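Notes for the one structure printed next.
As the structure is a prediction and not an experimental result, all values here were calculated from the model. Naming convention: chains lettered A, B, ... in sequence-line order (proteins, then strands); numbering from 1 in each chain.
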Protein chains: 2
Amino acid sequence: MAPQQEEDRFLAAYDPRAFDPIAVTVDVVALTLREGALHVLLVRRGAPPFEGAWALPGGFVRAGRESLGEAAARELAEETGLDAADGLGRVHLEQLGSYGRPERDPRMHVVSVAHLAFAPDLPDARAGSDAAAAAWISVVELEPGWQPDAADPRPNEQGRRSGAHGGGPGRRPEGPELAFDHAGILADGLDRARSKIEYTPLATAFLGEEFTISELRAVYEAVWGATLHAGNFHRKVLSVPGFVESTGGTATHGSVRGGPRARLYRAGDARLLHPALLRPDREETVR
Amino acid sequence: MAPQQEEDRFLAAYDPRAFDPIAVTVDVVALTLREGALHVLLVRRGAPPFEGAWALPGGFVRAGRESLGEAAARELAEETGLDAADGLGRVHLEQLGSYGRPERDPRMHVVSVAHLAFAPDLPDARAGSDAAAAAWISVVELEPGWQPDAADPRPNEQGRRSGAHGGGPGRRPEGPELAFDHAGILADGLDRARSKIEYTPLATAFLGEEFTISELRAVYEAVWGATLHAGNFHRKVLSVPGFVESTGGTATHGSVRGGPRARLYRAGDARLLHPALLRPDREETVR
DNA sequence: TCGAGTTCTTCTCACATTGAGTAATTCTCT
DNA sequence: AGAGAATTACTCAATGTGAGAAGAACTCGA
């Protein structure tokens, strides 16, 4: 090790404040279903940099006063209008990953700890204190080159962006540009969400307390952007132990377009789905 | 939002330095195989707090000068003696997660971005500048209540610690105590490693350029702590597209205890295993 | 009110994958 | 040379999946 590095480390071990500071923020990729489509919570920035641009909700972690998860829950509550008593307890919140390229914020070195949230359909967002607006935006408008099968009959061969930390210029022909590296964080969050519902029962976090198998299937179809075989999905959900349990009840109406009244279920006690409920046709993405 | 919070946020948006600082560090859970057993790289702390205790290698991120991944690679290189030219390029390094409970470091609020590394068998570790020692320690000594099937004939019904952020007192009857919350980070890293080799070909990162199917099976057995059916494993590895590709060569010797010379393979071009190579008997851990 | 169309739920069948066991062959060690 | 073990390739049964079909229940419009 070079002498300069060694001295840096010596100082750091005793007084980290001798260094230039690094700011720590949390950002939240909050997903929900509205009218059958996947939406993400965004805020419009009210101050530079990126003033006027859409961004993920987030903010600085309060030093010495909160953990990362608490900070994320606080930021999410500020934009959704929910608090712990209100219904944030029904929201799934997990850590997604941290983003710390030195140049990702023009002001200073900022490390952002991104989180991922799954929420049932919530009321319209309200802007927090430092945002000009907050809204649920359909992810279809934000993801270039990605369309749900069901919503777009054109075949789409180009596939999705592969890894994390992508995001070169000129790859976003439609939808608003996101501030900072938030487009990459959103892409990572969507990747994680699409994987997570394969191995966990968290798709139920997008629904209310009671739901039908068809509503659960609609969650998978919206998140994956693929249509699923209704009969096979039904068989699979009921065969995985602990995924759902029957309430004994029945929906009060049939579907809008007809059909019998479906039975109602609630989330079961499984934390992992075994065997998993895998996405169809994943061979292409394997290499 | 309370007025005080609002003012905090206003200030933070323009000058984060007005806050108490949060330090950002990286820690690395570096895993390797030595003599058929899974080992993790630890350093012995040379300064308080936790002076003399074992800890994960890590250190402060250099503000404005490096990304999180670069910082983790640097810290790993300092303890392993490898650099980019040397062989660190053959090490798999990924982000594991961030840990930011305010009280996790008694000195100040420190957010640590943990990373996970898979390395082929490396030479003995050397202590970095601020460590009193560095060594590869068998994880069997560090994980209470967990023993490989193959190494321990006693049945073990109690199962592993379930979630992250565990680590209450009195649960570690053997092995050294780790500093800070590093026991929890290590547990999360082992969880991640055990999952990761199910869905990715990263088990090959523990091996040299060329390897036999049996050596690959030994990796799975060491990481999972379970014995696998040799015939089924062989069939599975060769049937998953892109997992391994034949070199055409053959091992120069048979195994130490006899048997024919095995054929040699190298890692294929797949980034995901499809279908996955799932751990046996996971039903217990599902709820 | 009736009929068309849709949905919910359950089957059936073909096919792929897995777990368990067997066996031929080749090598090391004593 | 013989015992023991590893490599590799089989077989067979059990399980899970994709695709399709079908009956019953329901909504909507004629």
Mind calculating the distance between CG (L264(B)) and C1' (dT7(D)) to the nearest angstrom? 13 Å
Close residues, residues 207-218 of chain B, relative to DNA chain D [heavy-atom separation under 4.0 Å]: S214(B), R217(B)
P260(A) has its side chain closest, among dA25(D), dT9(C), dT17(C), to dA25(D)
Figure out the CG/P separation between L273(B) and dT17(C), and round it to whole Å. 14 Å
Quick check on DNA chain C: between S255(B) and R279(B), whose nearest nucleotide comes earlier from the 5' end? R279(B)
When you measure from the side-chain N and O atoms of R257(B) to the phosphate of dG4(D), is any distance below 4.0 Å, counting only OP1 and OP2? no
How far does the helix from dT1(C)-dA30(D) to dT30(C)-dA1(D) bend, going by the axes of its first and last five pairs, to the nearest 10°? 20°
For dA9(D), does OP1 or OP2 lie under 4.0 Å from any side-chain N or O of R263(B)? yes
Student check: side-chain heavy atoms of E141(A) and V40(A) closer than 4.5 Å: no
Is there a residue in residues 228-236 of chain A whose heavy atoms reach under 4.0 Å of DNA chain D, and which residues are they? H229(A), N232(A), R235(A), K236(A)
Establish, from distance only, whether the side-chain atoms of R279(A) and S195(A) form a donor-acceptor pair under 3.5 Å. yes
Quick check on dA25(D): is either OP1 or OP2 less than 4.0 Å from any side-chain nitrogen or oxygen of R261(A)? no
Quickly work out the L277(A) CG to dG16(D) P distance and round it to whole Å. 13 Å
Kindly indicate whether the side chain of L56(B), heavy atoms from C-beta on, has any atom under 4.5 Å from the side chain of V29(B). yes
Which part of the nucleic acid, if any, lies within reach of A276(A) when heavy atoms closer than 4.0 Å are counted: base, sugar-phosphate only, or nothing? sugar-phosphate
For the pair R194(B) (side chain) and V223(B) (backbone), establish whether a donor and an acceptor sit closer than 3.5 Å, ignoring hydrogens and angles. yes
Within a strict 4.5 Å, meaning less than it, do heavy atoms of the K236(A) and I213(A) side chains meet? no
Could you tell me how the ring of F118(B) sits relative to the ring of H92(B): parallel (under 30°), tilted (30 to 60°) or perpendicular (over 60°)? tilted
So, do S246(A) and R263(A) sit near enough that their side-chain heavy atoms are less than 4.5 Å apart? no
Side-chain contact test, heavy atoms from C-beta onward, threshold under 4.5 Å: evaluate it for Y265(A) versus L238(A) and give yes or no. yes
Is the shortest side-chain heavy-atom distance between L41(A) and L76(A) below 4.5 Å? yes
Rounded to the nearest 0.5 Å, the CG atom of D269(A) sits from the CD atom of E245(A) at a distance of 7.0 Å
Using whole Å, what does the distance between atom P of nucleotide dA16(C) and atom CG of L278(A) come to? 17 Å
Minimum side-chain heavy-atom gap T212(A)-L264(A) below 4.5 Å: yes
